[in-house]
Amino acid sequence: MNDGVLLLFLRKLFPEWAITRDRDDVWRATGRVHISASSSDGLLEMLAVAEPGAAERVARFFGSCSEDAEFKAS
């Protein structure tokens, strides 16, 4: 997934967090705490710590996407 798509995905999945990537390629998330990381993987790891339900959100999101695709295919 390219960085732009990942950024949009994270913003949709975590609307209570302000998630950005600056021109120096530093990823940041601001919510209950401030997170900064030099990579998207680092940001995801820190979001998983700061947001205990992160894994469940991702699973629900992808579960609903596959259900939508099945519904449209019917």
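Only a predicted model underlies this, so the values are computations on that prediction, with no experimental measurement involved. Numbering starts at 1 and runs along the sequence shown.
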Charged N to carboxylate O below 4.0 Å: is that the case for Arg32 and Glu16? no

Please tell me whether Trp17 and Phe9 are part of a single hydrophobic cluster in this structure, the criterion being side-chain heavy atoms less than 4.5 Å apart. yes

Distance (rounded to the nearest 0.5 Å) between Lys12 NZ and Phe61 CZ: 6.5 Å

Please name all residues satisfying salt bridge (charged side-chain N to carboxylate O under 4.0 Å, His left out) with Arg28, sequence neighbours left out, ordered by chain then number. Asp22

List the atom pairs, donor and acceptor, that lie under 3.5 Å between side-chain atoms in residues 40-47 and the rest of the protein, sequence neighbours left out.
none

Hey, does Ile19 have a side-chain heavy atom less than 4.5 Å from the side chain of Phe14? yes

Below 4.5 Å, heavy atoms only, C-beta onward: do Ile35 and Glu51 meet side chain to side chain? no

For the student: nearest non-hydrogen atoms of Ala54 and Ala48, plus distance: CB-CA, 4.1 Å

Between atom OG of Ser38 and atom CG of Asp24, what is the distance when rounded to the nearest 0.5 Å? 12.0 Å

Before you tell me yes or no, could you show the steps for Arg21 and Val26 under side-chain contact (heavy atoms from CB on, under 4.5 Å), namely the whole-Å CA-CA distance, both residues' side-chain angles and the distance that decides it to 0.1 Å? CA-CA 5 Å; Arg21 191 180 111 214; Val26 175; over 6 Å; no

If I take atom CH2 from residue Trp27 and atom OG from residue Ser36, how far apart are they, to the nearest 0.5 angstrom? 13.5 Å

